[in-house]
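Report on one structure; see the data block that follows.
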Amino acid sequence: MTTQIPFDNSFAALKGGFFSFQAPEPAPKPQLLAYNDALGAELGISKGSDTELAAIFGGANVPDGAEPLAQLYAGHQFGNYNPQLGDGRAVLLGEVIDSNGKRRDIQLKGSGRTPYSRGGDGKAWLGPVLREYVVSEAMHALGIPTTRALAAVATGEQVYRETALPGAVVTRVAASHIRVGTFQVFSARGQLEQLQTLTDYTIARHYPDAIGPEGLLQAVMDAQARLIPAWMGVGFIHGVMNTDNCQIAGETIDYGPCAFMDAFSADRVFSSIDRGGRYSYANQPDIAIWNMAQLATSLVALMPEPDVAVERFTAMLHAMKDALRAEWLKVFAAKLGICEPQGDDGDLIADLLALMEAAGSDFTNTFHALCNGSAIDEISDRVAYVIWHDKWQRRIENETDPAAVMAKANPALIPRNHQIEKMIVAAQSGDFAPFHRLNIALADPFSNSPEFDDLRRPPNKEEIVPATFCGT
Ligand code: AMP
Ligand code: MG
């Protein structure tokens, strides 16, 4: 084999029931749909032929140095605790140290059953695999912390959902796959030794400056307080912010029913199962705090004086609300060309968002149009817009280079749901051109290339995707 992956595994050496060794199920007829060359190079992978890559990233060929395993975790799903989840359709091949010296996980998702599959088949179908590939890479290009996509492989077998669908595997690269739910499972079981091992491992791997469980909690809170406002700045709705989908390293993980908003609406929900709007656009900061409260609860048992720790952790959770608000202000101020938000800037932002919401303005296009002064087309209340615009212009008069700040904060292009849907439909009939084109366009989301004008257009009535479904 000429494909070499320089594995350097550490999680597989943890003792205490953190995982089950589990080989991937071989794809019967693996066909390489995509391989991310730039990411592969960053990970130090020397690649061989497409056939070889397809065999490896379709699970048919376990490469030298891999120690495939499925991780154990638990989690709150829509607020209800599920004591045992775990990788039900994923296996971690192993870890590499990337060209920046950072440890990264390489995981196959959709590669068959594991001890944690419960009733599931462990498989994925083509649609969610391509969606994850496109959207996670788009998030990365937008500058938002995220897991990455290294490869997509069609397995050549059918998976059965409501109908028979083509099976596929996505290879996900993450800072790690440790989640809030990884801590929850050991805490809930009262396995304090494992909880301590996991805490020490996580600190060493992700937050070496953090001291003890409290330092870890603060570091994770800080990372989440940066992540969620970044989502909001591009109109992203994760859709399933369960504690098992809340990653400790602070990357966006698990692109299931996620979606980018077209028309701005603060309460927007896409996921068909999110009936109460728990994971709506505007609820995401509060849910991040809720998730951190679950991490805090899990870590309390490791503290020498749990009662005192409860009080301290509670104070930290309250402070997180302010941290999220401050970061949100920074993100949206930058969208208006303001470097350091102050005074009434929160109102200035809120006023614009209210005008946008009233008009059903396209989130991405309105902010992008502000860069060249044409946003008036996006907002119906023209009188109010002119007043707002004057106020805004006065506010940025003394900013050094608002245009440059805005250009970096307002993408021209996001992965629009209707384009993702069209891409999936095309792929199902064997046409992967839209998939490749989306990847090319979204790699440079701040550029305004006329070649991709069609991808910037909001959906017309017939194209609107009203709801999304979990990525199983
Ligand atoms: P997710 O909605 O992707 O966060 O998944 C929630 C849980 O369900 C995780 O433990 C997954 O591993 C598991 N799961 C989702 N789909 C499948 C499947 N097709 N087969 C087995 N387990 C699955
Ligand atoms: Mg998940």
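We count ligands from 1, going down the list as the structure has it; atoms in each ligand are counted the same way. Computed from a predicted model, the values in this text were never measured in an experiment.
Listed by number with element, the atoms of ligand 1 under 4.0 Å from a non-hydrogen atom of Arg161 are 19 (N). Each of the following atoms of ligand 1 lies closer than 4.0 Å to a heavy atom of Gly120: 20 (N), 21 (C). Per-residue contacts place Asp244 under 4.0 angstrom from the following atoms of ligand 1 (heavy atoms of the residue considered): 4 (O). Of all the atoms in ligand 1, the ones that sit under 4.0 Å from a non-hydrogen atom of Asn245 are 4 (O).
Note on ligand 1: Gly122 sits in its first shell, one or more heavy atoms being nearer than 4.0 Å.
Ring geometry for Phe432 against Phe435 counts as perpendicular: the plane angle is over 60°, on a 0 to 90° scale with 30° as the lower cut. Using a 30° and 60° split on the angle between ring planes, Tyr201 and Phe11 fall in the perpendicular class, above 60°.
Between Gln77 and ligand 1, a contact under 3.5 Å exists for no N or O pair.
Applying the 6.0 Å contact sphere to NZ of Lys335 captures more than 12 heavy atoms from other residues, nucleotides or ligands. Counting heavy atoms of neighbouring residues, nucleotides and ligands inside a 6.0 Å radius, atom CD1 of Ile464 exceeds 12 of them.
With a 4.0 Å cut-off on non-hydrogen atoms, Tyr73 touches ligand 1 through its side chain and not its backbone. Counting heavy atoms closer than 4.0 Å to ligand 1, residue Lys109 contributes nothing at all. Of the heavy atoms in Arg118, only side-chain atoms (C-beta onward) come closer than 4.0 Å to ligand 1. At a 4.0 Å heavy-atom cut-off, ligand 1 touches Asp121 through backbone and side chain alike.
In this structure, CE in Met232 is found 8.5 Å from CZ in Phe363, a value given to the nearest 0.5 Å.
Note on Asn245: counted as a metal contact of the Mg ion (ligand 2), an N/O/S atom lying under 2.8 Å.
Checked against Glu25 for a salt bridge (Lys or Arg N to Asp or Glu O under 4.0 Å), the options Arg113, Lys123, Arg89 give a single hit: Lys123.
Arg268 forms no cation-pi arrangement with Tyr281, by the criterion of a distance under 6.0 Å to the ring centre and an angle within 45° of the ring axis.
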Next on the checklist: Applying ring-ring contact (aromatic ring centres under 6.0 Å, His included) to Phe18 and Phe186, what does each step give before you reach the verdict?
Outcome noted: CA-CA 9 Å; Phe18 294 92; Phe186 299 107; 4.8 Å; yes

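For Asp254, the N, O or S atom closest to the Mg ion (ligand 2) goes by the atom name OD2.
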